[in-house]
S.K.: 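Please read through the structure below; I'll follow up with questions.
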Amino acid sequence: MSEGQRYSAKEAERRWQDEWSKQRIFATDNDDPRPKYYILEMFPYPSGRIHMGHVRNYTMGDVVARFMRVRGHNVLHPMGWDAFGMPAENAAMQNRVHPKDWTYDNIASMRGQLKLMGLSLDWDREFATCDIDYYSQQQRLFLDFYETGLAYRKNARVNWDPVDHTVLANEQVIDGRGWRSGALVEQRDLTQWFFRITAFSDELLTALDHLDRWPDRVRLMQRNWIGRSDGLRLRFEIAEAKRTDIEDLEVFTSRPDTLFGASFLAIAPDHPLADTIAATDPMLADFIAACRRGDTSAATLETAEKFGHDTGVKVVHPFRPRERLPVYVANFILMEYGTGAVFGCPAHDQRDFEFATKYGLPIRAVVAPVDRFDNESDLVAWLEQFMAGEEAYVGDGQLINSDFLDGLSVPDAKEEIARRLENSTLGDAPQAVRQTNYRLRDWGISRQRYWGCPIPIIHCDNCGVVPVPIEDLPVKLPDDVSFDQPGNPLERHPSWSHVACPKCDGPARRETDTMDTFVDSSWYFARFTAPRASNPTDRAAADAWLPVNQYIGGIEHAILHLLYARFFTRAMAATDHLGLSEPFAGLFTQGMVAHETYRRIDGTWASPAEIVIEEKDGRRTAIDKATSEAIEIGPIEKMSKSRRNTVDPTDIIERYGADTARWFMLSDSPPERDVIWTEGGVEGAHRFIQRIWRIVSDAATDPAWPAGTLAAQQSFTPAALELRRTAHRILKAVSDHFAALRFNVAVAKIYQLVNAVAAVEPSARRGDVSLALAHREALELTVQMMAPMVPHLAESCWETLGYSDLVATRDWPQPDPALLVEDTILLPVQINGKKRAELTITAGAADSDVENATLALEAVQKALAGKPPRKIIIVPGRIVNVVV
RNA sequence: GCGGGCGUGGCGGAACUGGUAGACGCAAGGGACUUAAAAUCCCUUGGGCUUGGCCCGUGCGGGUUCGACUCCCGCCGCCCGCACCA
C-alpha cells in the first residue's frame, strides 16, 4: 500500500464540518412537511471542558439524529447549556471572576469542543438557561404557576449552613455538616417558595404505566419515589381530655386490619399535641429538643435506635371502649407524612416491634399464615414460635384474636374496618376516612444564591406578596455584585431589592431568592421548539414537535430531573403553554465511561496521561513518565476528577480524530452499560477507520472498479449473488439495530460486511463484471451504513467512490426483499436435541421432503440403527430434530 | 431490610418468539512481506480426549420440553436504587 493513502482525520473532519455548516444541512425548519422526529440528549452543565460521558451521550444521539434524517424525517436535534448553578459562584469566590463571564467563557470553549465532534446539531437554536431571554420566560411561567396556585409560599424546615448563609439540599449535608463550609448544619424554619408537584402525584404515578419506551428501572424508581400508600385516617378519642383540651388524635395507617393488635400510639416530636403537653412537662420538652438535635441523615437513621417518651395521655380503642392505649412521642415518627401520628401494632410492624420490646408494651399477633396450618395445634405452635422470635410478622394471612375480623383475609379485614369506622362517628365527624398518601413532597425551589433565575415577586409591607407584573419582566440579575463575603449577594446589593410596590407604589422589597437550577432544566426541551418565541412557548411549534421522541441521558437523573420535567409539562399544560402531559415518549439511559486507576506509592492518583503501560510476559505495569517509578494499577472505575482517571476528549480527537472516538464509544459495550475506555480499544477503532479508507480508496482506483452501478445488470454469478445477499441482509440488520439503539451490534454487523467486501479479490472482480458491480454496491452500502456513526470518514469515502453530493443527505438505502430470502438453506439437524448434521435444502421445501432428506443423512441412519424414529420435529426454515 | 438488574472463552460482548452457543472486536500464538521495525495480510484460538471422530460446556442444584443462555423453583455471587413513609 502506498503511504500517501493514509487517512488524515484532522483535515477531513474540518473540511466536512465546514461543508455541512456551509450547506446548513442540520438547520431545522419548523414548517418542513416531512414527519417530525425530536431527538434530544440531556444538555450539559458548562463546567469548562467536555468529558467522555458527554462524548458518549452526544455520539449516541447523533447517530439517531443522522439515521432518522436520512430515513426521511424532519429531525430536531438541538443543543444548549444548563448554565445556572453553584460552581459559577464558587469560581467567583475563589478566582475573583464574575459568574457570568466564567459561564459564558466555559460555554464558548465547550461549544468549540462539541463542534470538533461533528455532531449534526441545529446550532441556530442554541441557548443557555442563564440567557436573559430564557430566564425571563421562566419567570413568566412562575407567575402563571403562581396565578393558578401551582406555585406558593410556605414555612418549611430546611438545612441551613450558617457559614455560607444558604439552604442546603439533603444531599449537600454530609455527616451533619455543610459539604462546602464544613459547618454544623442547623435546622431553620424559613418561608420558601414551592411548586405544587403533589397536585399531580397520582397522575405522575399512573401515567408511568403508559411510558412503555422508558426503562422499567426508571419507572420503578419514580413509582417508589412518589410512594403511593392507600389507607385510613382514623381518630382516637383521648381519654380524660381535659388535660389538654384536645379531644382526639388522628393517625394514618395502611394496615387498619391490625387495629386489634394495637398497643400504643406514637406521635412525631413536632406534633401539636407533643407541643401542648411539653408546655407542662419539662422532661418531654427535653426529649423533643433532643430529637430535633438528632442527625437526620439517612446513614444515621439506619442505625438509630428508636426512642420514645410516654406523654401520659391515653386514647380509647375504637372497638374496645374499655381499653386504653398510651400515647408516646417517638423519634421515628415524621410530622411530614400522614398525620404525624401512628398506632403501633408491634406484632406486624418491625419498627413497632422494636419499640414495644424496648418499652415493655404488649405484642399481640392478629394475623397468622393459617394456610400453612392443618389444625389448631399448628396455630398454637406458630404463635409460640412467633412470640419467642425477634421479628414482626409482616406477611399475608388470616385475622385472629380480632373479634369480628376473625377468619377474614387481610384485604377483607381492611375493608371491614374501613366500612365500620366510616359509618361511626366521633364527635360530629366520621371516626375514619379512607385516604391515599404519597411520599412525594412539594418541590422547594428557593435558593439563597445569586447565579440563578430570580423569583419574580415583590414583598410589600402593605400589600403582602405581590407578583411582578408580566410587563415588568424580566427581573434581571444585577451585574454589580460582590462575592467577597458569604451569603446571597442579591440580599446585600445596595439597591437591587428596593423597588416600589406594583400595587400601592409604596416602598417594597424584591424576593432575593433565586430558583433551584432544576427548574431551568424542567422545560428547556419545550423552548427548543421555538427558542426565540416571545412567550415561553410557541404553541404551534410545541404542539408539532413534542413529545421528544427519544431522550438520552444518564441514569443519575432517573428521579429528580425526569420527574420535575414531567411535572412541568403538566403545569405548563394547565397554564396553556403546552398541550400534552408527557414530555419524553422514549427515554434511554446510557451507561458511564470507566477507566483503570493508577496510584502512586505515596497514595496520590496518577492520570492516564502521566503514565506509560509496559507489558512483559503478559503482565502489565504502569510507569510514571516523570519519575520512571512503578505505579500500582488499580481497579476500573467511573471516570472522575477525584481519581484522576479521566481522558480528555479533545486529546483523543486531536490525535485520532472524532470518528475514532465516536466509533470506539459505539463499539463493543451495549449503550446502557458502562464502557471501559482503553488505549487498546481506541487504537483498534483507529485501525478500523484506516482500514475502511484503504479498502475504499484501493477499490476506487483499481482497474476493476466498474464505471456504472448494478441497476442494469441482468445476471449475477453465485459469488456476486452471495455478496449481494450478505450486504442486503446486513443492511436490514443494521437498520433494525439503529432503530433499537443497539449500536454495538450494528458495529459488529458492519464489521462482518467489511470483512466480506475485503475478501473479494481484485483478480476475481476483474474476471466477473457482476461481482465487480456487487462489490461496488456492498462498499457503497457499507459507507452509507457507517455514515451516522463516523460521518466524516463516510463523506471522504463517498467522495472517493465518485459522488459529488453529501452522504449525510442521501436517503437511507432500502434492502431488496428478494435478496433477503434464500433459495437454499442450511438446516441444522439435531438428534435428541443435539446438533449432529446439516442439511442443505431448498427454502420452503415441504416438511415431507425435509423429513425424507433428513432420514437419508448418514448421521441419522447411524443413530437410528435400522429402527424407525420415535418422532421428527421440523421447524420450517430453522431446525430439524430427530428423536430416537 | 425492601425493590430491581446481572452472572456466557483470557477480556468487551453476540445469540430473534424456546431452535446450530461463543457472531464481531480486543488480547494471545504461529506464518508471509521487510536488511530491520512499524504498518498490512493469512492462519489458529471455550475445555478435554483414545482427534477424519467423540465427550463436556452459558454461576450452582433441580424441573418443564423433542430441544433451555432463554421459561419455572431453590441457592450462591456481584451491581444499582430506595430506606424509620406508618
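Below, chains carry the letters A, B, ... as their sequence lines are ordered, and counting in each starts from 1.
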S.K.: Let's see if you can work this out: which of B:C85, B:G25, B:G19 has an atom nearest to the side-chain heavy atoms of A:Arg439?
M.R.: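 Of the candidates, B:C85 comes closest.
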S.K.: Round to the nearest Å and state the distance from A:Glu683 atom CD to B:G25 atom P.
M.R.: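 After rounding, the reported distance stands at 17 Å.
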S.K.: Nearest to the side chain of A:Asn331, heavy atoms from C-beta on, is which of B:C84, B:G19, B:C82?
M.R.: B:C84
S.K.: At a heavy-atom distance below 4.0 Å, what parts of residues 336-353 of chain A sit against RNA chain B?
M.R.: A:Tyr337, A:Val342, A:Arg351
S.K.: Can you name the salt bridge (charged side-chain N to carboxylate O under 4.0 Å, His left out) partners of A:Asp270, sequence neighbours left out?
M.R.: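 In terms of salt bridge (charged side-chain N to carboxylate O under 4.0 Å, His left out), with neighbours along the sequence ignored, A:Asp270 is linked to A:Arg157.
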S.K.: Nearest 0.5 angstrom please: A:Lys835 NZ to A:Asn881 CG, how far?
M.R.: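 The distance works out to 13.5 Å.
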S.K.: Which residue pairs satisfy the salt bridge (Lys or Arg N to Asp or Glu O under 4.0 Å) criterion with at least one member in residues 336-352 of chain A, sequence neighbours excluded?
M.R.: A:Asp349-A:Arg351
S.K.: Using the C1' atom as the reference point in each nucleotide, state the distance between B:U17 and B:C69 in Å, no decimals.
M.R.: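 Result for the C1' pair: 15 Å, nearest Å.
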S.K.: For the P atoms, the ones on B:C85 and on B:G5, what distance do you get once it is rounded to whole angstrom?
M.R.: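 About 23 Å, rounded to a whole number of Å.
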S.K.: Using side-chain hydrogen bond (donor to acceptor under 3.5 Å, both in side chains) as the criterion, list what pairs up with A:Arg870, not counting sequence neighbours.
M.R.: none
S.K.: Over how many whole Å does the gap from A:Ile689 atom CD1 to B:G25 atom C1' extend?
M.R.: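 My rounded result for the distance is 14 Å.
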S.K.: Do the side chains of A:Glu596 and A:Asn645 get nearer than 4.5 Å, heavy atoms only?
M.R.: no
S.K.: What nucleic acid atoms does A:Phe252 come within less than 4.0 Å of, heavy atoms only: base, sugar-phosphate, or nothing?
M.R.: base
S.K.: According to side chain to side chain contact (heavy atoms under 4.5 Å, CB included), who are the partners of A:Ala756, at least two apart in sequence or on a separate chain?
M.R.: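 Result, side chain to side chain contact (heavy atoms under 4.5 Å, CB included) vs A:Ala756: A:Leu723, A:Thr726.
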S.K.: For RNA chain B, please output the secondary structure as dot-bracket, reading 5' to 3'. Pairs are Watson-Crick or G-U wobble, both atom distances under 3.5 Å; mark crossing pairs with [ ], other-strand partners with |, unpaired with a dot.
M.R.: (((((((..(((......[....))).(((((.......))))).((((...))))..(((((..]....))))))))))))....
S.K.: Want to settle it: does A:Arg691 or A:Asn832 sit nearer the 5' end of RNA chain B, counting the closest nucleotide to each?
M.R.: A:Arg691
S.K.: As a test of reading the structure: which of B:C66, B:U40, B:G25 is closest to the side chain of A:Asn755, going by heavy atoms?
M.R.: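 Nearest to the side chain of A:Asn755 among the choices is B:G25.
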S.K.: Please pick, from B:C24, B:G19, B:A21, the nucleotide with the shortest atom-to-atom distance to any side-chain atom of A:Val875.
M.R.: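 Selected nucleotide (nearest to the side chain): B:G19.
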S.K.: Can you tell me how far P in B:G31 sits from the matching atom in B:A38, rounded to whole Å?
M.R.: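 After rounding to an integer number of Å, I get 14 Å for this pair.
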S.K.: Can you check B:G9 for me, syn or anti if syn means within 90° of 0?
M.R.: syn
S.K.: Give A:Ile333 one of three labels, base, sugar-phosphate or nothing, depending on what nucleic acid heavy atoms sit under 4.0 Å from its own.
M.R.: base
S.K.: Are A:His737 and A:Phe743 packed together at the side-chain level, in the sense that at least one heavy-atom pair is separated by less than 4.5 angstrom?
M.R.: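 Side-chain contact under 4.5 Å: no.
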S.K.: Without decimals, in angstroms, what is the distance between A:Leu334 CG and B:C82 P?
M.R.: 17 Å
S.K.: In whole Å, what is the span from the NZ atom of A:Lys834 to the C1' atom of B:C56?
M.R.: 8 Å
S.K.: Could you tell me how far B:A39 sits from B:G29 if I compare only their P atoms? Round to whole Å.
M.R.: 14 Å
S.K.: Can you check the A:Ile559 CD1 to B:C80 P distance for me, whole Å?
M.R.: 15 Å
S.K.: Using atom names, set out every protein N or O paired with an N or O of nucleotides 51-54 of chain B below 3.5 Å, distance rounded to 0.1 Å.
M.R.:
none

S.K.: Check the distance between B:C82's P and A:Ile555's CD1 and give it to me in whole angstrom.
M.R.: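 Whole-Å distance recorded here is 10 Å.
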S.K.: What pairs with A:Glu672 under side-chain hydrogen bond (donor to acceptor under 3.5 Å, both in side chains), at least two apart in sequence or on another chain?
M.R.: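 For A:Glu672 there are no side-chain hydrogen bond (donor to acceptor under 3.5 Å, both in side chains) partners, ignoring immediate neighbours.
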S.K.: Indicate yes or no: at least one non-hydrogen side-chain atom of A:Glu556 is less than 4.5 angstrom from one of A:His561.
M.R.: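 Heavy-atom side-chain distance check fails, nothing below 4.5 Å.
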S.K.: Would you please name every residue forming a side-chain hydrogen bond (donor to acceptor under 3.5 Å, both in side chains) with A:Glu683, sequence neighbours left out?
M.R.: A:Tyr656
S.K.: Just the rounded figure in Å: distance from C1' of B:U65 to CD1 of A:Ile873.
M.R.: 9 Å
S.K.: For nucleotides 4-16 of chain B, read 5' to 3', which letter fits each nucleotide if B means a protein heavy atom sits under 4.0 Å from the base, S means only the sugar-phosphate is that close, and - means neither?
M.R.: S-------BSS-B
S.K.: Between B:G9 and B:A28, how far apart are the two C1' atoms, rounded to whole Å?
M.R.: 13 Å
S.K.: Hey, do the aromatic rings of A:Phe236 and A:His317 have their centres closer than 6.0 Å?
M.R.: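 Ring-ring flag for A:Phe236/A:His317: false, centres at least 6.0 Å apart.
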S.K.: Working to the nearest 0.5 angstrom, can you tell me the gap between A:Gln222 CD and A:Ile226 CD1?
M.R.: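 It is 6.0 Å, given to the nearest 0.5 Å.
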S.K.: Parallel, tilted or perpendicular: which one describes the rings of A:Phe688 and A:Trp663, with boundaries at 30° and 60°?
M.R.: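 Rings of A:Phe688 and A:Trp663: parallel, as their planes differ by under 30°.
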S.K.: So what does A:Gln752 touch, heavy atoms closer than 4.0 Å: a base, only the sugar-phosphate, or nothing?
M.R.: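 Sugar-phosphate only.
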S.K.: Who are the side-chain hydrogen bond (donor to acceptor under 3.5 Å, both in side chains) partners of A:Ser640, not counting sequence neighbours?
M.R.: A:Ser642
S.K.: Expressed as a whole number of Å, how far does the C1' atom of B:C41 sit from that of B:G59?
M.R.: 40 Å
S.K.: Using the C1' atoms only, state how far B:G7 lies from B:C60, rounded to an integer number of Å.
M.R.: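 My reading of the C1' atoms in B:C60 and B:G7 gives 11 Å.
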S.K.: Could you tell me how far apart A:Ile831 (CD1) and B:C55 (C1') are, to the nearest whole angstrom?
M.R.: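 Atom CD1 in A:Ile831 sits about 16 Å away from atom C1' in B:C55.
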S.K.: Quote, to the nearest angstrom, the P distance that separates B:G18 from B:A83.
M.R.: 36 Å
S.K.: When you check the side-chain N and O atoms of A:Arg233 and A:Gln435, is any donor under 3.5 Å from an acceptor?
M.R.: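 Checked: A:Arg233/A:Gln435 side chains pair up, N/O donor to acceptor below 3.5 Å.
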S.K.: How would you list, by chain and number, every residue that makes a ring-ring contact (aromatic ring centres under 6.0 Å, His included) with A:Phe343, sequence neighbours excluded?
M.R.: none
S.K.: Consider the side chain of A:Arg687, meaning its heavy atoms from C-beta on, and name the nucleotide among B:U40, B:C82, B:G25 that approaches it most closely.
M.R.: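 Within the option list, the nearest is B:U40.
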S.K.: Which is more 5' along RNA chain B, the nucleotide nearest A:Gly680 or the one nearest A:Ser229? Just name the residue.
M.R.: A:Gly680
